[in-house]
Amino acid sequence: MDKNNHDEYNPIEWVDKHGDYLYNYVLYRIHDKTVAEDLVQETFLAALKNIKTFSGKSSIRTWLTAILKNKIIDHFRKVSRELPLENDEKLFFETEEIFYKEGRWKDYWDINKDPLVWENNPEKNLEKKQFWDTFYKCLEELPPRFKAIFTLRTMEDLPTEKICKDLNVSSSNIWVILHRSRTQLRRCLEINWYGGKLFKRKL
Amino acid sequence: MKRFLYKIHDWMLEHAPPCNKIVLLISETLDTRLPLSERLKIRFHMTFCHCCTRYNTQVKSLHKAIHQKMEVVDMSSDFTEHLSDERSNHIKSLLHHEMGK
């Protein structure tokens with residue numbers, strides 16, 4: 001660490017220099033302003049506590065982001081441990097509803113609920129704030145455990161093995177949870193962004 | 001002739017793994033490299049099923065868009081959201097306090 005560069009290694013200065021970056025980083029993953037602020041605060045405090053471990057090989061921002069990533073995992077671990085499984089079960093039925101339940105085409109797409117043609121794909125909507133607002137609303141509708149796993153896998157790009165270990169999920173369950181989350185998100189975007197029809201739920 | 005082709009289409013689809021199995025495999029391809037046999041199952045099924053083909057395109061496109069969005073956010077220095085002054089000052093005072101210990 002370059003001890004002569006006092007500003008760079010002054011934790012008080014970090015808040016002005018890196019606070020907004022860390023806040024945006026976590027807000028785009030958790031989408032809750034209070035939780036995001038709490039995690040940024042915890043990150044700065046943890047960084048101060050462990051400042052002696054900072055080798056100076058990476059930038060302060062990279063180091064702070066690594067601490068924040070662990071805080072995000074801790075947050076999701078806590079959330080998925082605290083909440084009941086009831087919502088997970090509800091989503092299971094909704095996802096299975098898109099396929100015929102009986103007859104010759106049992107387990108094939110129900111033609112009233114199959115994927116519609118999308119005018120443009122999500123990659124074309126990258127710059128559209130409303131698209132992402134819709135996406136986050138859909139993400140909020142997932143059960144907390146599903147949201148945690150989907151976020152860590154797709155937004156944090158964590159390997160599934162690590163998610164299984166950190167969130168105490170079996171390797172067979174994680175594929176099903178990710179699949180159901182994607183199916184539910186796809187359907188929600190289709191209704192709320194692409195203007196697809198809402199099918200009647202039989203729950 | 002058309003009828004005959006439809007019959008062949010339906011027969012092939014019926015003898016392929018059903019859609020609910022295929023969509024699960026499609027999702028898995030986003031997280032892991034599936035064995036050749038599984039990838040062939042998806043390919044074969046999608047030859048006859050436009051629903052799964054559409055599902056495949058849409059979830060992959062969504063997956064890619066989310067990745068790209070996160071990259072943009074992580075690389076950006078033009079922040080759309082800001083840590084409130086109140087919280088920022090609170091963190092600074094906490095750090096001050098900890099440093100004074």
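Labels below follow one simple rule: chain letters A, B, ... track the order of the sequence lines, proteins then strands, and each chain is numbered from 1. Heavy atoms only: backbone and side chains are in, while hydrogens, waters and symmetry mates are out.
With salt bridges taken as basic N to acidic carboxylate O contacts below 4.0 Å, none links Glu141(A) and Lys137(A). The pair Asp157(A)-Lys69(A) does not meet the salt-bridge criterion, since no charged nitrogen lies less than 4.0 angstrom from a carboxylate oxygen. Looking at Lys124(A) and Glu119(A), no side-chain N of the basic residue comes within less than 4.0 Å of a carboxylate O on the acidic one, giving no salt bridge.
Val72(B) does not touch chain A: none of its heavy atoms, backbone or side chain, sits under 4.5 Å away. For Lys49(A), no part lies under 4.5 angstrom from a heavy atom of chain B. Neither the backbone nor the side chain of His97(B) comes within contact range of chain A, judged by heavy atoms closer than 4.5 Å. For Thr160(A), the part lying under 4.5 angstrom from a heavy atom of chain B is the side chain only. At a 4.5 Å heavy-atom cutoff, the contact between His50(B) and chain A is made by side-chain atoms alone. Contact of Thr57(B) with chain A is not made at all, since no heavy-atom distance falls under 4.5 Å. Residue contact with chain B, scored on non-hydrogen atoms closer than 4.5 Å, involves the side chain of Arg29(A) exclusively. Interface residue Leu178(A): backbone and side-chain heavy atoms are both found under 4.5 Å from chain B. In this structure, no portion of Ser93(B) lies under 4.5 Å from any heavy atom of chain A. Proximity to chain B involves both the backbone and the side chain of Ile12(A), based on heavy atoms less than 4.5 angstrom apart. Using a 4.5 Å cut-off between heavy atoms, Asp38(A) touches chain B through backbone and side chain atoms alike. For a residue to count as touching a neighbouring chain, one of its non-hydrogen atoms must lie under 4.5 Å from one of that chain's; by this rule Ile26(B) does not touch chain A.
In terms of heavy-atom pairs under 4.5 angstrom with chain A, the leader among Asp74(B), Leu30(B), Thr32(B), Ile22(B) is Asp74(B). Taking chain B as the reference chain and counting heavy-atom pairs below 4.5 Å, the highest number among Asn125(A), Leu185(A), Thr154(A), Leu22(A) is found for Thr154(A). Chain B forms more heavy-atom pairs under 4.5 Å with one residue of Lys33(A), Arg104(A), Met155(A) than with any other, namely Arg104(A). Note on Ser84(B), Ser76(B), Pro18(B): by heavy-atom pairs under 4.5 Å with chain A, the leading option is Pro18(B). With chain B as the partner, the residue from Tyr25(A), Phe44(A), Trp109(A) showing the most heavy-atom pairs under 4.5 Å is Trp109(A).
For Asp20(A) (side chain) and Leu83(B) (main-chain N/O), a donor-acceptor pair under 3.5 Å exists by modelled atom type. Within the 3.5 Å criterion, the main-chain N or O of Pro115(A) finds a donor-acceptor partner in the side chain of Arg54(B). At distances below 3.5 Å, at least one donor-acceptor pair connects side-chain atoms of Glu190(A) with backbone N or O atoms of Leu116(A).
Residue Arg33(B) places its CZ atom among 12 or fewer non-hydrogen atoms of other residues, nucleotides or ligands, all under 6.0 Å distant.
The only member of Arg180(A), His179(A), Arg182(A) that meets side-chain hydrogen bond (donor to acceptor under 3.5 Å, both in side chains) when paired with Ser27(B) is Arg182(A).
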For Tyr55(B) and Asp114(A), what are the C-alpha separation, side-chain angles and deciding distance, and is it a side-chain contact (heavy atoms from CB on, under 4.5 Å)?
CA-CA 8 Å; Tyr55(B) 178 90; Asp114(A) 63 345; over 6 Å; no
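Cys pair Cys49(B)/Cys19(B): SG-SG separation is not below 2.5 Å.
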